[in-house]
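Worksheet: one structure, shown below.
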Amino acid sequence: MITGCSSGIGYEAVKTLTQRSWRVFATCRKDEDCQRLKDEGFWSCRLDYEDPPSIEAAWRQVAAETGGRLDALFNNGAYAIPCVLEDLPTDGLRAIFEANVFGWHSLTRLILPAMHDQGHGRIVQNSSILGFNALMYRGAYNTTKYAIEGLSDTLRLELHGTGIDVVLIEPGPIDTKIRENSHPQFKRWIDWQNSRHKAFYKEKLIPRLEAESLPNRFELPPDAVVKKLIHALEAKRPKPRYYVTTPTYFMGFVRRFLSTRQLDVLSRAASA
C-alpha cells in the first residue's frame, strides 16, 4: 500500500513495483488522481491524511481486496509550507502535522494488527535529509520530518522480534512537484505582505515558488528513491535507513565530526 501516488516518488513506485510483480494499492488525496491511475490500469482509492475517515475507508478497501493481509506499507504523501517560521500560524503547523505525521501514524496503527497476525511486514517511511538536518525557510517541513524520524525509530525498537521491519528513506533534492504543491499552502497560511520579512518573500521566495523550474545539480529523479524502496521491501534484512542523493550522504557524514555551530554555517549556506 502506497500513499501520495498522484505524481513523483509515489507514482514512480506504483509503476516500478507493479512491473516487479507486486500487487500495489495506490492512494491519492484527490479523486481525479485516483481515476487517472485507474485509467492507467492501477488499483487506486482516495486517502487524505488530513481526513481520518478517508484513511479508515482506504484501509477497509485494501483489506477487503487482500483478505486482511498486507506485506508492506509505504508512507509517502506529504507537503511543505515554505516560509520564515515566525510567520507560520500555529494552525498551519497543526495542519501540516496532520498530513505529514498524524495521518501516517493513524494509517500505520490501522495496518499493524494485520501484520502482527501474519507475523511479518515492512513499514517504510519516506523521510528526508530535513529529518536530521534543518534548513532555513523549511521549518514546517523540517519539524514534521524530525517527528517522523523519532516516531519511526521508536517503532523499530518496539517491533523488534515481531517480524515487522521499520525503515526510513532519507532523500535530498528529488525532482517532484513538492515545490509546486507548496505554493497554495504558502498562499493559504502566510501573510507575507504584513511580515517583517516582506522583502525576502517578494524578492526571493515567491519568485522561487513561481519559477517553472529551478536548476539543482544534486537533484535526482524519483526512481533514485524507488531503487532504495525496492531494497527496503525485498531485502531479507533491510537497513534501518537509506540515504538518497549526495547532500544526504554528505550531511550524514559531516555531522559526525562538526560542532553544532559549524553545521549551522553549512545549513545557512545551503539555505541561501
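The first residue of the sequence shown is numbered 1, and numbering continues consecutively from there. What you see below is based on every heavy atom in this structure, not just the backbone, and it leaves out hydrogens, waters and symmetry mates.
Between Trp59 and Leu110 the shortest heavy-atom distance is NE1-O, 3.4 Å. Scanning all heavy atoms of the two residues, the minimum distance from Pro89 to Ile190 falls at CD-CD1, 4.4 Å. Scanning both residues, Asn76 and Gly4, for their nearest heavy atoms gives ND2-O, 3.1 Å. A pairwise comparison of heavy atoms in Ala58 and Leu47 identifies CB-CD1, 3.6 Å as the closest pair. Taking each heavy atom of Ala232 and Pro238 in turn, the nearest pair found is O-CB, 3.5 Å. Across every non-hydrogen atom of Ser44 and Cys28, the tightest pair is OG-SG, 4.2 Å.
Checking side-chain atoms of Gln185 against main-chain N and O of Pro82 turns up no donor-acceptor pair under 3.5 Å. One N or O on the side chain of Thr245 and one on the backbone of Gly172 form a donor-acceptor pair closer than 3.5 Å. Put simply, the side chain of Lys177 never gets that close to the backbone of Ser7: no donor and acceptor are under 3.5 Å apart. In terms of modelled atom types and a separation under 3.5 Å, the side chain of Asn142 and the main chain of Leu135 share a donor-acceptor contact. In this structure, the side chain of Arg179 engages the main chain of Ala211 through a donor-acceptor pair within 3.5 Å.
The shortest side-chain heavy-atom distance between Asn133 and Leu130 does not fall under the 4.5 Å cut-off. Taking the side chain as every heavy atom from C-beta outward, Glu86 and His197 approach each other to under 4.5 Å. In this structure the side chain of Trp43 reaches within 4.5 angstrom of the side chain of Val62, judged on heavy atoms. Using a 4.5 Å heavy-atom threshold, the side chains of His116 and Thr162 count as touching. A 4.5 Å side-chain heavy-atom check between Ile148 and Leu168 finds at least one atom pair inside the cut-off. Taking the side chain as every heavy atom from C-beta outward, Phe74 and Met1 never approach each other to under 4.5 Å.
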**Asked** Checking side-chain hydrogen bond (donor to acceptor under 3.5 Å, both in side chains) for the pair Glu234/Trp22: CA distance, chi angles, key distance, verdict?
**Response** CA-CA 10 Å; Glu234 298 181 0; Trp22 281 82; 2.9 Å; yes
**Prompt:** Do Ser54 and Asp48 pass the side-chain hydrogen bond (donor to acceptor under 3.5 Å, both in side chains) test, and can you show the C-alpha distance, the side-chain angles, and the key distance before you say yes or no?
**Reply:** CA-CA 6 Å; Ser54 78; Asp48 182 348; 5.6 Å; no
**Prompt:** How far apart are the C-alpha atoms of Ser127 and Glu170, what are their side-chain angles, what is the distance that settles it, and do they pass the side-chain hydrogen bond (donor to acceptor under 3.5 Å, both in side chains) test?
**Reply:** CA-CA 5 Å; Ser127 182; Glu170 298 166 325; 5.0 Å; no
**Item:** Residues Asn75, Thr108; criterion side-chain hydrogen bond (donor to acceptor under 3.5 Å, both in side chains); working and verdict
**Value:** CA-CA 8 Å; Asn75 275 313; Thr108 301; 3.1 Å; yes
**Message:** As a quick check of understanding, evaluate salt bridge (Lys or Arg N to Asp or Glu O under 4.0 Å) for Asp51 and Arg46, giving each step before the final call.
**Reply:** CA-CA 10 Å; Asp51 178 14; Arg46 178 177 175 271; 3.0 Å; yes
**Message:** Run the salt bridge (Lys or Arg N to Asp or Glu O under 4.0 Å) test on Asp153 and Arg241 for me, step by step, so that the C-alpha distance in whole Å, both residues' side-chain angles and the decisive distance to 0.1 Å come before the verdict.
**Reply:** CA-CA 10 Å; Asp153 284 342; Arg241 280 176 165 77; 3.0 Å; yes
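Both the sub-6.0 Å distance and the 45° axial angle are not jointly satisfied by Arg255 relative to the ring of Phe250.
Note on ring orientation: taking the six-membered ring where Trp is involved, the planes of Phe186 and His183 are tilted (angle from 30° to 60°). Ring geometry, Tyr49 versus Trp104: the interplanar angle falls from 30° to 60°, so the pair is classed tilted. Note on ring orientation: taking the six-membered ring where Trp is involved, the planes of Phe97 and Phe102 are tilted (angle from 30° to 60°).
Note: the hydrophobic cluster containing Leu88 also contains Phe200 (ILVMFWY, side chain heavy atoms under 4.5 Å, direct or indirect links). Under the 4.5 Å side-chain heavy-atom criterion for ILVMFWY residues, a single connected hydrophobic cluster contains both Val225 and Leu17. Grouping the Ile, Leu, Val, Met, Phe, Trp and Tyr side chains by contacts below 4.5 angstrom, directly or via other members, places Ile123 with Leu151. Tyr79 and Tyr137 fall within a single hydrophobic cluster, where Ile, Leu, Val, Met, Phe, Trp and Tyr side chains are chained together by heavy-atom contacts under 4.5 Å. A single hydrophobic cluster is seen to contain both Tyr11 and Leu233, as judged by linkage of ILVMFWY side chains at heavy-atom distances under 4.5 Å, directly or through other members.
Contact check on Arg36 versus Asp39 returns no salt bridge, with no Lys/Arg side-chain nitrogen under 4.0 Å from an Asp/Glu carboxylate oxygen. A salt bridge does not link Lys15 to Glu40: none of the charged nitrogens lies less than 4.0 Å from a carboxylate oxygen. Between Asp33 and Lys30 there is no salt bridge, since none of the side-chain N atoms of the basic residue sits less than 4.0 Å from a carboxylate O of the acidic one. Arg261 and Asp264 are not joined by a salt bridge, as no carboxylate oxygen comes within less than 4.0 angstrom of a charged side-chain nitrogen.
For Tyr146, there are no ring-ring contact (aromatic ring centres under 6.0 Å, His included) partners at least two apart in sequence or on another chain. For Tyr141, the ring-ring contact (aromatic ring centres under 6.0 Å, His included) test picks out no residue, with sequence neighbours left out.
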